[in-house]
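Reminder, nothing fancy here: chain letters follow the sequence lines and each chain counts from 1. Bear in mind that the values here come from a model prediction, so they are computed numbers and not experimental data.
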There are 2 protein chains.
Amino acid sequence: MTLDLLITLDRSGAAAEGLTRQIYAQLRQAILSGRLRAGDRLPPSRALAGELDVARLTVATAYDWLRAEGYVAGRVGAGTFVAPVFEGYTPVETDQAVERVETASQPLERAPGAETQPPLRPPLTAWARRIQAIPLIGAGSMDGGASGATFDFRPSVGAADLFPWARWRRIVAWQDAADPLAELRAQARESAARAGRWDALLGPLETRAAIAAWLRRSRAVRCDPDQLLIASSVQQVLALLARLLVEPGQPLLVEDPSYIGFHAAFLAEGAALRGVPVDASGIRVEALPEPADPAAGGESADARLLIVTPSHQYPMGVTLSLERRVALIEWARRAGATLVEDDYDGELRLEGQPLEALRGLDERDEVIYLGTFAKALYPAGRLAFAALPRWLIEPVARARAASDRHPAWRDALAIARFIEAGELERHLARMRRVYRARRDALVAALREELGEIVQVGPAEAGIHLLALLPEGTDDVALAERAREQGLAIAPLSPHYQAQARPGLLLGFGAMGEEQLAEGVRRLAPLARAAASGLQSSERGG
Amino acid sequence: MTLDLLITLDRSGAAAEGLTRQIYAQLRQAILSGRLRAGDRLPPSRALAGELDVARLTVATAYDWLRAEGYVAGRVGAGTFVAPVFEGYTPVETDQAVERVETASQPLERAPGAETQPPLRPPLTAWARRIQAIPLIGAGSMDGGASGATFDFRPSVGAADLFPWARWRRIVAWQDAADPLAELRAQARESAARAGRWDALLGPLETRAAIAAWLRRSRAVRCDPDQLLIASSVQQVLALLARLLVEPGQPLLVEDPSYIGFHAAFLAEGAALRGVPVDASGIRVEALPEPADPAAGGESADARLLIVTPSHQYPMGVTLSLERRVALIEWARRAGATLVEDDYDGELRLEGQPLEALRGLDERDEVIYLGTFAKALYPAGRLAFAALPRWLIEPVARARAASDRHPAWRDALAIARFIEAGELERHLARMRRVYRARRDALVAALREELGEIVQVGPAEAGIHLLALLPEGTDDVALAERAREQGLAIAPLSPHYQAQARPGLLLGFGAMGEEQLAEGVRRLAPLARAAASGLQSSERGG
């Protein structure tokens with residue numbers, strides 16, 4: 001057999017190293033595929049080099065590599081053979097490997113000559129099958145479409161271009177430190193402080209102290225640093241909570257409508273979602289299930305976990321009134337329920353003093369408070385936090401240990417120094433002014449262009465508002481058409497559990513005032529067509 | 001009632017803003033605690049200001065805040081009253097809230113006057129109860145003790161002080177880019193490329209391409225960029241795999257001994273661990289359960305997942321021979337099993353050419369390959385990756401979406417540029433030289449000081465070796481005593497499923513050659529005492 005028939009060299013700009021590796025790889029492949037078998041003799045390196053028109057050293061080195069790895073045996077000069085290891089080795093045909101059954105759940109096939117053939121791979125778990133049915137969040141389309149759209153109305157995208165990048169980079173890269181190993185030393189200090197402290201699994205102590213102080217100052221949220229979890233995202237906190245608190249089939253109370261990402265984390269655990277309606281004052285507390293009368297039995301006693309967004313209800317944009325806040329805490333106490341307060345946009349109050357966080361109001365220490373820096377900093381920052389009731393600290397630390405240990409230290413330590421330097425509060429104050437102006441521009445444009453069709457929701461906080469459309473409008477189709485025209489907009493109706501209303505979530509964080517107005521002008525004919533199409537077809541029907 | 005009795009002002013360096021907030025907070029607290037009730041009248045702001053000796057505006061502003069939040073009603077001038085919201089409000093006594101039952105599983109208590117009292121909080125899930133029994137990894141002591149020890153022999157700690165910090169920082173902070181918004185633009189590009197691609201949940205495309213190319217170059221691991229998952233740690237990948245592939249009670253095959261972190265991720269899902277013995281050539285493939293004879297039935301067919309560390313077996317330090325590698329892949333094919341190859345220390349081969357990765361040998365594309373940058377870069381880097389079989393890509397992406405979305409982009413994008421600039425391979429080449437010299441120093445010191453007691457295992461890769469102790473030595477107690485003397489050392493025996501052997505895992509990554517020798521000199525009397533204590537007590541017994 002002439003080995004050069006097996007070997008094809010790509011000489012385009014290849015260095016000697018490249019040729020050696022090509023020869024090595026193709027011989028190895030020939031052995032693994034069974035074309036060369038145990039005991040087959042390789043040609044002398046000089047002969048193969050001649051046939052391939054390469055330097056002898058090139059071939060000899062490839063042989064050395066194969067020998068070092070055990071593919072071939074023998075010594076140069078005495079002949080080189082495919083190693084006896086490959087005696088009886090049955091290679092898989094590559095085509096066969098590719099063309100295989102696609103799921104483990106298919107019935108087993110009988111291969112010719114084999115009595116039975118085992119399944120090709122382990123089956124997926126019930127959890128894995130469950131998440132196949134959950135819409136994918138974070139891949140773009142569920143959140144209002146791609147960034148890169150000409151008009152980025154996505155509801156959670158802020159003005160990352162106004163972030164103080166230069167100052168942030170100085171902090172992240174420790175440029176303010178004279179010591180070139182400052183970062184390493186900070187990590188070593190943190191590491192020493194963590195030693196033997198299981199609660200250190202919750203994140204760097206320095207970061208937890210800085211965030212606790214900031215929450216106290218800005219949101220009157222009471223929590224000790226040792227109650228704070230640093231996580232990579234709110235989604236991660238929700239996933240941990242779902243695993244710790246929800247068995248398959250158990251109910252989870254959510255606002256209706258509410259954020260699809262909440263649903264995903266809990267649906268993955270098999271939670272039965274129960275929507276609680278939202279009106280202009282937030283979640284309707286009187287619609288919450290009362291603790292079951294033990295005489296009557298009933299399942300409502302199981303509904304022991306409720307997620308709410310009091311500062312800026314997502315997606316409706318309303319603020320939970322103080323009256324409802326107090327009532328909600330009383331309900332939780334009666335029901336033995338734990339409240340999960342996602343303080344969505346709590347740091348971006350645009351009008352008036354922010355209302356007290358539930359975590360501040362609750363004297364029982366039974367509210368789980370969630371926040372994120374995704375908006376205050378920039379989305380890729382990926383740093384979120386949770387203030388936990390004391391009984392949950394150790395379970396969460398253990399869940400963390402079993403799932404991903406601890407967050408990225410670099411950004412976690414950087415945010416601590418960013419807060420301590422006063423940069424966070426300075427940046428937020430500036431952004432509140434910017435977002436207020438942008439909101440005003442968006443509201444004005446909507447009134448001007450679409451006043452007769454849309455009902456513009458409140459926007460006292462955050463960077464999005466809701467434009468309700470006439471009943472029956474197909475908001476999903478409208479958002480799709482808008483996307484085709486370069487407008488990234490999320491529809492309202494997919495956020496509902498029941499009785500969906502049509503609307504558009506319009507983010508005003510990512511665009512300047514003129515671009516917002518221009519975006520609305522482009523949107524207007526599409527929205528009118530969607531609404532009138534509905535009405536004409538209703539009339540026609 | 002005189003309100004000033006309720007209010008205590010801290011005037012130490014307090015600005016006017018601070019005084020306003022103190023008055024506001026204490027009035028709010030008085031309302032929530034029931035000391036002020038619905039309809040109670042607050043004193044005129046001028047009067048209270050006089051009593052408290054503050055400016056009238058200070059009190060008026062506090063009243064404004066309370067009014068804005070709904071705690072009080074009325075207008076300045078016409079009198080200010082606690083809002084009717086608090087009619088019938090039952091405050092919780094703070095003492096009572098603190099002194100409450102500590103677990104939800106305790107029997108319900110009957111409160112006086114209440115027919116039944118609901119449990120105080122939702123119960124923990126079966127998963128949460130399971131993880132309570134798993135030793136905590138990552139809190140320090142399980143990994144050989146604290147850093148900060150004088151002699152850091154922890155097995156996975158490298159020479160972070162030799163990392164090219166200055167170059168890394170230039171890359172992380174985009175200092176090489178003229179554009180101050182370079183990072184933002186890179187994220188926007190990545191975001192646009194991800195749009196609508198669910199596989200983008202696996203991590204930045206740029207990073208996956210750079211790592212795939214590096215793996216091909218350096219480890220001959222075949223994987224397309226779209227098969228790569230970027231994760232925050234190997235632990236995170238294991239946790240995702242465990243959720244996708246292991247139902248409670250299902251067996252998981254692990255090397256015996258093996259890494260405790262592997263165990264934790266799978267024990268959390270309720271896996272039944274089955275140890276497979278390891279000898280000088282790695283896992284003993286002939287000891288693996290053969291596919292069950294369908295006539296005979298039997299549970300071995302369930303053992304469909306095996307985790308191995310072929311490059312540098314953890315903790316034994318041996319390398320899996322090529323013969324065993326081939327046999328392992330044949331076993332997996334017969335058993336329909338999926339191999340999880342943790343290429344632990346694969347990038348830090350100290351002697352000879354590395355052996356082929358299982359993922360390179362397997363033509364079926366059924367090997368899950370895991371790697372991490374924790375050692376190549378530095379532990380806080382928190383970036384790991386997995387090359388996945390095609391059928392696992394979508395389940396893993398979905399698991400990611402449900403659990404934490406995607407990794408920290410900053411470091412993920414930075415590692416891509418670090419690889420593309422050739423920095424990673426340059427750094428690794430340098431570190432191999434450094435670690436080789438450190439290993440030699442450690443081996444020489446062990447032979448010199450403890451040659452008659454310990455049996456030094458191989459160290460052809462990585463940054464730790466194993467020193468086996470005489471049978472019966474209490475290695476856990478020895479490691480504990482060493483820790484007290486400032487030597488952070490992990491014991492071997494906790495890594496076993498069965499028939500534990502005593503030994504010490506000695507990392508040589510974090511210390512220079514002289515310090516290694518000095519550390520061994522300090523260790524020697526402790527080790528001799530532990531071994532002889534054993535022998536004399538055996539003789540005495």
Side-chain angles (χ1 to χ4, degrees), chain A residues 68-70 85 92 97 116 118-122 125 127-128 131 136-141 146-148 160 169 173 184 187 191-192 195-196 198 232-233 235-236 239 243-245 247 264 268 291 294 304-305 322-323 336 338 352-353 355 363-364 380 382 395 398 401-405 408-409, chain B residues 65 68-70 85 92 97 116 118-122 125 127-128 131 136 138-141 146-148 160 169 173 184 187 191-192 195-196 198 232-233 235-236 239 243-245 247 264 268 291 294 304-305 322-323 336 338 352-353 355 363-364 380 382 395 398 401-405 408-409:
Chain A
E69 296 185 3
V85 168
V92 186
T116 58
L120 282 161
R121 55 180 73 108
T125 58
W127 184 81
I131 60 173
L136 274 172
I137 316 281
S141 61
S147 78
R169 289 195 291 184
L184 177 63
Q187 287 168 6
S191 180
W198 59 261
S232 65
S233 60
Q235 191 71 26
Q236 186 181 39
R243 296 221 67 191
L244 292 170
L245 299 174
E247 296 283 11
R304 306 277 294 284
L305 202 59
L322 180 68
E323 183 172 358
T338 292
Q353 179 87 355
L355 284 181
E363 308 250 338
R364 295 186 315 156
R382 302 246 77 203
R398 289 187 175 277
S403 43
D404 87 327
R405 301 279 185 87
W409 280 16
Chain B
W65 290 358
E69 297 183 4
V85 168
V92 186
T116 58
L120 282 161
R121 54 180 75 107
T125 58
W127 184 81
I131 62 173
L136 275 172
S141 61
S147 78
R169 289 195 292 184
L184 177 63
Q187 287 167 7
S191 180
W198 59 260
S232 67
S233 61
Q235 192 71 26
Q236 186 181 38
R243 296 221 68 191
L244 291 170
L245 298 174
E247 295 284 9
R304 306 278 293 285
L305 202 60
L322 180 68
E323 186 172 356
T338 291
Q353 179 86 357
L355 285 180
E363 308 251 337
R364 294 185 316 157
R382 303 248 75 204
R398 288 185 174 279
S403 44
D404 87 329
R405 300 279 185 86
W409 280 16

Might you point out which heavy atoms bring B:Ile131 and A:Ala402 nearest each other, and give the distance in Å?
CG2-CB, 4.3 Å
Report the residues that fulfil side-chain contact (heavy atoms from CB on, under 4.5 Å) with A:Ala239, sequence neighbours left out, ordered by chain and then residue number.
B:Ser403
On a heavy-atom basis, the closest approach of B:Leu244 and A:Ala128 is CD2-CB, 3.4 Å
Give the minimum heavy-atom separation between B:Pro122 and A:Leu305, together with the two atoms involved.
CG-CD1, 4.4 Å
For A:Arg243, what residues pass the salt bridge (Lys or Arg N to Asp or Glu O under 4.0 Å) criterion, not counting sequence neighbours?
A:Glu269, B:Glu269
Please identify, among B:Gln236, B:Arg169, B:Arg398, the residue contributing the most non-hydrogen atom pairs under 4.5 Å to chain A.
B:Arg398
